[in-house]
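To keep things clear, I will list the structure first and then write my remarks on it.
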Amino acid sequence: MKQLLLYTITPTLGLLRNYIKYKRCKFITFMRTPLVYFFFHSLFCLMGYRNIVWRTLIFERWYFFIDKSIISLWNNDYLKNKDKYIKKYGLTYKNDKKVSFKD
């Protein structure tokens with residue numbers, strides 16, 4: 001029972017965050033986390049590890065962190081959002097190579 005509760009917290013909070021931020025709920029986005037949980041949980045069971053629930057929770061977060069970082073690099077998100085960052089954080093660019101913060 002405790003395991004099921006731990007496995008439902010992250011997807012539910014993610015669904016809530018997406019609704020608050022984007023005003024939409026996508027079932028496929030919601031189901032990504034349980035599918036990754038299933039993969040890691042099964043893998044750790046087959047390998048005979050202990051503390052499988054905690055390992056699964058940690059590895060799922062690491063997986064999505066790396067996944068989203070790679071996608072962001074691939075899509076060149078920083079350059080696409082550069083003007084937004086200049087306005088939001090008060091950044092100044094010198095020769096487009098150095099970044100400094102306004103005090």
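Everything numeric here is computed off the predicted structure, so don't read it as measured data.
- Taking the six-membered ring for Trp and thresholds of 30 and 60 degrees, Phe59 and Trp62 have ring planes inclined between 30 and 60 degrees apart.
- Take Tyr37 and apply the ring pair (Phe, Tyr, Trp, His ring centres under 6.0 Å) test, not counting sequence neighbours, and it matches Tyr7.
- Not a single side-chain contact (heavy atoms from CB on, under 4.5 Å) links Arg50 to another residue, sequence neighbours left out.
- Contact between Leu6 and Leu57 at its shortest, heavy atoms only, is O-CD2, 3.8 Å.
- Applying the side-chain contact (heavy atoms from CB on, under 4.5 Å) rule to Ile71 yields the partners Asp67, Asn75; only residues at least two apart in sequence or on another chain are considered.
- With sequence neighbours excluded, the residues that form a side-chain hydrogen bond (donor to acceptor under 3.5 Å, both in side chains) with Asp77 are Ser72.
- The line from NE2 of His41 to CD of Glu60 is 14.0 Å long, rounded to the nearest 0.5 Å.
- Counting heavy atoms from C-beta on, the side chains of Thr10 and Arg61 come closer than 4.5 Å.
- In this structure the side chain of Tyr63 never reaches within 4.5 angstrom of the side chain of Phe39, judged on heavy atoms.
- Taking OG1 of Thr8 as the start and CG of Leu15 as the end, the distance is 12.0 Å to the nearest 0.5 Å.
- Heavy atoms from other residues, nucleotides or ligands lying under 6.0 Å from NZ of Lys80 number more than 12.
- For Phe38, the side-chain contact (heavy atoms from CB on, under 4.5 Å) partners are Ser42, not counting sequence neighbours.
- There is no path of hydrophobic side-chain contacts, each under 4.5 Å, that joins Val53 to Leu4.
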Show the atom names and distances, to 0.1 Å, of all donor-acceptor pairs under 3.5 Å that link a side chain in residues 17-30 to residues at least two apart or in another chain.
residue: Lys23; atom: NZ; partner: Ile20; partner atom: O; Å: 2.9

